[in-house]
Structure formats: C-alpha cells, structure tokens
Amino acid sequence: IMLHSTLALSLLLIAVTSNLAMAIKKEKRAPQTLSRGWGDEITWVQTYEEGLYQAKKSNKPLMVIHHLEDCQYCQALKKAFAENEEIQEMAQNNFIMLNLMHETTDKNLSPDGQYVPRIMFVDPSLTVRADITGRYSNRLYTYEPQDMMFLIDNMKKALRLIQTEL
C-alpha cells in the first residue's frame with residue numbers, strides 16, 4: 001500500500017510539474033512586437049502621439065500605415081512591404097514608423113476617407129503631407145503590392161521635402 005501511494009503521488013507530481021513547465025514556456029514566448037508583420041527590424045512607435053513627438057524630436061518624417069488584421073489587401077501589402085529590402089532599410093533608418101489598426105482622432109489622416117490600407121506621411125513640423133499620394137485617384141493613400149517602387153519614390157519625396165522646406 002505504501003508503494004502504491006508513493007507511485008500515485010509521484011505520478012501526480014510529474015503531471016503537475018509538466019503542466020507547470022508548459023505554462024512557464026507559454027509565458028516566456030516572445031511578446032508580439034509592434035511590427036505586426038510589417039518589419040521586425042524596424043523600430044515602431046506605439047501611438048500616433050508618440051510618433052509625432054519622435055518625428056519632431058528626431059527631425060524625421062513619420063510614416064503612418066493604417067491597416068486591419070482581416071483585410072486581404074492589407075495582408076498582401078504587408079507582405080510586399082516586409083519583403084522589400086529598400087523599404088525596410090529606409091523605414092528603419094530615415095523614418096519614425098507607426099502601423100495602426102484603429103483610426104486616430106486626427107482627421108488630417110483621413111482626408112479622403114477611413115479606408116485600409118492607407119499610408120500617409122507627416123513631416124517633422126507635424127504637417128500631414130496630403131500632397132504625397134499613391135497611384136489611385138479614388139483612394140489617394142492606398143498602395144498595392146505591385147506599387148512598392150511608387151512607395152519608395154514617395155518615401156524619398158517625404159525625405160526630400162524635409163531638406164527643402166524645413
């Protein structure tokens with residue numbers, strides 16, 4: 001009887017321990033980064049307000065990407081964006097980066113509607129650049145996966161405007 005209860009206790013202990021180990025392992029998993037798949041090497045700010053502050057402080061333009069998790073166009077754009085080395089490098093080095101899954105209170109960030117995906121630039125003087133648009137007249141700030149060269153040109157334009165205007 002003694003042996004039987006020791007065995008039962010040991011088995012119980014093993015069960016509890018392995019459950020505990022699994023719980024600890026789950027806890028240790030790396031937290032979801034703010035990149036949300038747009039580029040893990042990029043430093044992302046958490047909020048629009050933080051983005052504005054960093055843009056002003058660093059004299060870099062802020063790039064705001066509005067997207068939604070379950071939007072297929074957003075997913076396709078995200079993949080192209082994340083796989084483009086030139087975009088990733090510029091985003092990492094020359095921009096304050098923010099991707100948002102909710103609208104901001106700043107109406108200047110939705111001059112032609114609250115559609116996704118949409119990418120807008122804000123210069124360090126905190127002016128939303130409504131003049132840096134994509135290829136589509138019905139959704140001025142949308143980009144598609146095949147528009148990455150166009151987006152690169154617009155990123156360069158945002159950087160050029162800082163040098164010439166500010």
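In this text the structure is predicted, and so the values were computed from the model without any measurement. Both backbone and side-chain heavy atoms feed into the values below; hydrogens, waters and symmetry mates do not.
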Shared hydrophobic cluster, Tyr141 / Ile132 (ILVMFWY, side-chain heavy atoms < 4.5 Å)
no

dist Leu98:CG -> Leu52:CG (nearest 0.5 Å) comes out at 9.0 Å

What is the distance from atom CG of Leu34 to atom OG1 of Thr43, rounded to the nearest 0.5 Å?
10.0 Å

CD of Gln54 to OG1 of Thr47, rounded to nearest 0.5 Å, is 9.5 Å

Does Phe121 share a hydrophobic cluster with Ile65, counting links as ILVMFWY side-chain heavy atoms below 4.5 Å and allowing steps through other members?
yes

Any ion pair linking Glu144 and Arg139 (charged N to carboxylate O, less than 4.0 Å)?
no

Between Ile162 and Pro124, which heavy-atom pair has the shortest distance, and what is it?
CD1-CD, 3.5 Å

Tell me whether Leu109 is reachable from Leu77 by hopping between hydrophobic residues (I, L, V, M, F, W, Y) whose side-chain heavy atoms are closer than 4.5 Å.
no

Would you check, one step at a time, whether the test side-chain contact (heavy atoms from CB on, under 4.5 Å) holds for Met148 with Glu83?
CA-CA 10 Å; Met148 291 305 97; Glu83 287 172 0; over 6 Å; no

So, the side chain of Lys60 versus the backbone of Met97: is there a donor-acceptor pair under 3.5 Å, distance only?
no

Non-hydrogen atoms of Gly39 and Trp44 that approach each other most closely:
O-NE1, 2.8 Å

Should we say atom NZ of Lys157 is surrounded by more than 12 heavy atoms from elsewhere, each under 6.0 Å from it?
yes

Are Tyr73 and Thr142 close enough that some pair of their side-chain heavy atoms sits under 4.5 Å apart?
no

Rounded to the nearest 0.5 Å, how far does CD of Gln114 lie from NZ of Lys107?
5.5 Å

Would Leu62 end up clustered with Met90 when hydrophobic side chains under 4.5 Å apart are linked, directly or stepwise?
no

If only atom types and distance count, is the side chain of Asn108 paired as donor or acceptor with the main-chain N or O of Val128 below 3.5 Å?
no

Distance from Met120 atom CE to Met63 atom CE, nearest 0.5 Å?
12.0 Å

Looking at Ser110 and Arg118, what are the two nearest heavy atoms and their distance?
CB-NH2, 3.6 Å

Charged N to carboxylate O below 4.0 Å: is that the case for Lys57 and Glu50?
no

Got a sec: does the CD of Glu103 have more than 12 other heavy atoms crowding it under 6.0 Å?
yes

When hydrophobic residues are tied together by side-chain contacts of less than 4.5 Å, even through go-betweens, does Leu126 share a cluster with Leu100?
yes

Are the side chains of Met155 and Glu86 in contact, using a 4.5 Å heavy-atom criterion?
no

Return the CD1 to CG distance between Ile42 and Asn99, rounded to the nearest 0.5 Å.
9.0 Å

State whether the number of non-hydrogen atoms from other residues, nucleotides or ligands found under 6.0 Å of Tyr115 atom OH is greater than 12.
yes

Are any of the side-chain heavy atoms of Glu69 and Gln75 separated by less than 4.5 Å?
yes

Taking all non-hydrogen atoms of both residues, which atom of Val45 and which atom of Gly51 are closest, and how far apart?
CG2-CA, 3.7 Å

Would you confirm whether Asn154, through its side chain, and Thr133, through its main-chain N or O, come within 3.5 Å as a donor-acceptor pair?
yes

Taking atom CD of Gln146 as the centre, does the number of heavy atoms from other residues, nucleotides or ligands within less than 6.0 Å exceed 12?
yes

Between Asn84 (side chain only) and Ala80 (backbone N and O only), is there a donor and an acceptor less than 3.5 Å apart?
no

Identify the heavy atoms of Cys71 and Pro117 that sit nearest to each other, and give their distance.
SG-CD, 4.4 Å

Show the numbers, then the answer: is there a side-chain contact (heavy atoms from CB on, under 4.5 Å) between Asp123 and Leu161?
CA-CA 8 Å; Asp123 69 32; Leu161 285 171; over 6 Å; no

Say whether, by atom type as modelled, one donor and one acceptor occur between the side chain of Lys78 and the main chain of Arg36 under 3.5 angstrom.
yes

Fit a plane to each ring of Trp38 and Phe81, take the angle between them on a 0 to 90° scale, and name the class: parallel (under 30°), tilted (30 to 60°) or perpendicular (over 60°).
perpendicular

Would you call Ser58 and Ile96 a side-chain contact if the rule is heavy atoms closer than 4.5 Å?
yes

